[in-house]
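First the proteins, then the strands, lettered A, B, ... as listed; each starts at 1. What you see is a predicted model; the values in this text were computed from it and never measured.
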There are 2 protein chains.
Amino acid sequence: MSFPLIRKLENYVQLAEAEKRSLLQADMLVRDVDARLDIVREHQEIEGATLLLEGFACRYKLLPDGRRQILGYMIPGDMCDPRIFLLDRMDHAIATLSRAKIAVWPRKAVLGLTSIYPRITRAFWWCALVDEGITREWLVSLGQRTALERLSHLVCELYFRLRAIDLVRGNSFDFPVTQAELGDTLGLSAVHVNRTLQDMRRERLVRLMGRRLTVLNLDALRTIAMFDPNYLHLNAKSGHSRVSSEREKKAE
Amino acid sequence: MSFPLIRKLENYVQLAEAEKRSLLQADMLVRDVDARLDIVREHQEIEGATLLLEGFACRYKLLPDGRRQILGYMIPGDMCDPRIFLLDRMDHAIATLSRAKIAVWPRKAVLGLTSIYPRITRAFWWCALVDEGITREWLVSLGQRTALERLSHLVCELYFRLRAIDLVRGNSFDFPVTQAELGDTLGLSAVHVNRTLQDMRRERLVRLMGRRLTVLNLDALRTIAMFDPNYLHLNAKSGHSRVSSEREKKAE
DNA sequence: CGACTATTTGATAGGACTCAACCTCCGTGG
DNA sequence: CCACGGAGGTTGAGTCCTATCAAATAGTCG
């Protein structure tokens with residue numbers, strides 16, 4: 001159930017069996033949600049942590065005139081807000097991008113768990129730090145990178161993040177995001193996303209069909225995007241340096 | 001000395017006299033730094049908190065080819081990293097924009113203080129949350145707003161942040177940032193910043209001369225930028241709702 | 001098979017960039 | 001005290017990347 005969370009946390013700290021068990025047995029309310037629905041609304045009060053178990057979601061903000069900026073993607077194992085400890089209200093919203101399974105985790109249960117296991121608290125803070133790092137890197141993308149570079153960077157980021165929770169099969173992963181949503185993510189129009197994507201296919205960088213994305217040439221993508229996975233802080237504590245190796249088995 | 005820090009923290013929590021005193025007497029190493037120098041470097045190990053006492057600084061990231069994105073401005077009272085508690089290495093750099101006075105605060109001293117005064121810890125976390133909110137709002141700017149909107153938004157943000165630490169005199173404040181730096185901040189070329197600034201002067205929105213910026217029409221700026229100060233989380237705890245009132249005395 | 005929703009394509013427009021020159025302000029030093 | 005040099009600001013011209021608008025095509029789902 002909360003396996004992706006554990007897989008993710010283990011990128012940051014080494015968890016003891018007891019800790020994993022209590023995460024697995026945590027008192028959560030699991031719920032299925034359709035695609036394109038708000039999970040957490042702006043200004044909403046926070047009564048607990050929301051955990052994404054399956055599917056994709058995104059943080060976003062709307063401008064009064066309807067323009068939307070997506071602030072980050074959430075993948076299984078991500079918490080909507082690891083800072084329930086002190087935040088009172090959301091200053092942005094969260095919506096599903098695909099059909100998803102979420103768990104609502106009452107504040108009390110979280111606080112209980114984290115007071116028993118400081119290592120879990122530590123791991124949660126790490127998650128928050130990584131999220132921040134991602135946001136900063138997106139700022140670099142929107143501020144400095146061209147359309148091609150932005151798309152390439154995003155693909156690299158998702159590839160690494162999804163691989164860290166074992167959601168990459170061969171070189172491909174589910175990618176239930178429309179081109180319009182990519183536009184709102186990268187600060188581009190949907191039309192231009194489409195054309196850039198076509199360039200990338202033509203250059204044999206990626207294949208994208210039926211909500212599934214295949215990375216055909218990771219090295220080229222990394223070069224184009226000037227992608228440095230350091231900001232994801234993967235393999236921080238656990239030692240298995242998945243991130244550093246370039247060459248990958250290419251079966252699909 | 002650390003007055004701006006206290007003024008800032010008091011936006012978030014009510015501090016007791018003893019807490020203020022120990023902040024004032026904190027064991028810090030104060031140092032003057034010239035403009036345009038790195039305070040904290042990327043990948044650098046963190047041995048303590050660095051506090052900005054006077055002047056402006058910025059967080060930034062460089063791309064291998066030299067492009068630079070500024071990730072946020074730091075003003076007096078801001079901490080370079082309120083998360084010394086767990087972060088080991090920086091994933092971005094910090095440099096001064098003007099001549100500045102900084103205080104280096106040894107990790108041990110910070111940890112000592114925060115273990116005695118949980119309210120101070122809480123305030124530090126708030127600062128981190130606000131920083132994140134600012135970064136997210138910048139993402140919205142770079143992704144969705146036009147040049148004019150971005151500049152207007154930035155001016156509004158600085159106006160509110162500086163006012164919260166009493167650094168706005170009348171409607172004007174020190175603004176030691178070059179147009180090239182504004183470009184790196186807003187994802188625009190220096191030339192285009194220049195032209196947009198001229199438009200803003202022509203429209204009597206701001207005046208900018210000799211490193212000093214005067215806000216001539218805050219309401220118009222807010223409208224143009226679609227600025228909603230909510231993300232700054234000012235007046236969160238302390239009650240004095242400085243943020244909500246639109247109309248301001250206009251003396252200079 | 002409709003009725004959407006998403007993707008693709010074409011044509012045109014515009015915001016922002018680049019390059020290059022010129023101007024202005026200052027601090028330094030002769 | 002004025003000349004020089006450099007940094008920052010301003011202008012002009014031309015270009016390019018990306019947006020817009022519109023319409024056609026392809027997918028998806030009941």
Side-chain angles (χ1 to χ4, degrees), chain A residues 34-37 56 58 63 65-70 95-99 141-154 174-202 206-213 224, chain B residues 34-37 56 63 65-70 95-99 141-154 174-202 206-213 224-225:
Chain A
D34 274 332
R36 253 153 266 265
L37 287 179
F56 272 54
C58 67
L63 291 182
D65 65 356
R67 280 179 273 174
R68 177 173 72 150
Q69 178 62 42
I70 290 179
T96 52
L97 290 168
S98 67
R99 197 145 218 308
S141 276
L142 293 201
Q144 304 300 326
R145 290 192 249 254
T146 65
L148 175 64
E149 292 167 351
R150 290 183 212 182
L151 257 165
S152 302
H153 196 277
L154 181 65
D174 280 329
F175 189 61
V177 181
T178 67
Q179 296 183 359
E181 287 160 345
L182 277 174
D184 287 346
T185 302
L186 302 172
L188 301 167
S189 70
V191 172
H192 200 241
V193 168
N194 180 285
R195 290 181 169 133
T196 309
L197 235 24
Q198 288 179 51
D199 291 343
M200 293 175 72
R201 285 192 271 239
R202 201 170 304 123
V206 297
R207 191 160 60 208
L208 177 52
M209 34 189 306
R211 316 279 93 160
R212 197 157 179 91
L213 191 147
I224 291 170
Chain B
D34 274 332
R36 254 154 265 265
L37 288 179
F56 272 53
L63 291 183
D65 65 356
R67 279 178 273 175
R68 176 172 75 151
Q69 178 62 42
I70 290 179
T96 53
L97 290 169
S98 66
R99 196 142 218 308
S141 275
L142 294 201
Q144 303 300 325
R145 291 193 248 254
T146 64
L148 175 64
E149 292 167 351
R150 288 182 213 182
L151 257 165
S152 303
H153 196 278
L154 181 65
D174 279 330
F175 189 61
V177 182
T178 67
Q179 296 183 357
E181 286 160 346
L182 276 174
D184 287 347
T185 303
L186 302 171
L188 301 168
S189 71
V191 172
H192 199 241
V193 167
N194 180 284
R195 290 180 168 134
T196 309
L197 234 26
Q198 289 179 51
D199 291 344
M200 292 175 72
R201 286 192 271 238
R202 200 170 306 121
V206 298
R207 189 160 61 209
L208 177 52
M209 34 191 305
R211 318 277 94 159
R212 194 156 181 90
L213 190 145
I224 290 169

Write out a two-atom table: protein N or O, nucleotide N or O from nucleotides 6-12 of chain C, distance below 3.5 Å.
unit_1, atom_1, unit_2, atom_2, d
C:dA6, OP1, A:Arg36, NH1, 3.4
C:dT7, OP1, A:Arg211, NH2, 3.0
C:dT7, OP2, A:Gln179, N, 2.9
C:dT8, OP1, A:Arg201, NH2, 3.1
C:dT8, OP2, A:Gln179, NE2, 2.8
C:dT8, OP2, A:Asn194, ND2, 2.6
C:dT8, OP2, A:Arg201, NH2, 3.2
C:dT8, O5', A:Asn194, ND2, 3.2
C:dT9, OP2, A:Gln198, OE1, 2.4
C:dT9, OP2, A:Gln198, NE2, 3.0
C:dG10, N7, A:Arg195, NH2, 2.4
C:dG10, O6, A:Arg195, NH2, 3.4
C:dA11, N6, A:Arg195, NH1, 3.4

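Atom CD of A:Gln144 is separated from atom C1' of C:dA16 by 13 Å (rounded to the nearest Å). Rounding to whole angstrom units, CG of residue B:Leu142 and C1' of C:dG15 are separated by 15 Å. Taking atom CG on B:Leu208 and atom P on D:dG8, their separation rounds to 14 Å, with Å as the unit. Atom NE2 in A:His192 sits about 14 Å away from atom P in D:dC16, given to the nearest Å. Distance CG (B:Leu182) to P (C:dC17): 13 Å, rounded to an integer number of Å. Counting to the nearest Å, the C1' atom of D:dG8 and the CE atom of B:Met209 are 15 Å from each other. What separates CG of A:Leu186 from P of D:dC17 is a distance of 18 Å, to the nearest Å. If you measure from atom CG of A:Leu188 to atom P of D:dC16, you get 19 Å, rounded to the nearest angstrom.
The list of salt bridge (Lys or Arg N to Asp or Glu O under 4.0 Å) pairs with a residue in residues 177-186 of chain B, not counting sequence neighbours, reads B:Arg36-B:Glu181, B:Arg68-B:Asp184.
Scored by the side-chain contact (heavy atoms from CB on, under 4.5 Å) test, B:Leu37 finds B:Val33, B:Asp34, B:Thr96 as partners (sequence neighbours excluded).
Distance check: B:Arg150 CZ to B:His192 NE2 gives 9.5 Å after rounding to the nearest 0.5 Å. Taken to the nearest 0.5 Å, the CZ atom of B:Arg211 stands 9.5 Å off from the CZ atom of B:Phe175.
Tested against B:Leu182 for a side-chain contact (heavy atoms from CB on, under 4.5 Å), the candidates B:Leu154, B:Asn194, B:Thr196 yield a single pass: B:Leu154.
A:Gly183 comes within contact range of no nucleotide atom at all, as no heavy-atom separation falls under 4.0 Å.
Of the residues near DNA chain D, A:Gly210 and A:Ala147, the one whose nearest nucleotide (by heavy atom distance) lies more toward the 5' end is A:Ala147.
The two residues B:Arg201 and B:Gln179 come nearest to each other via the heavy atoms NH2-NE2, 4.5 Å.
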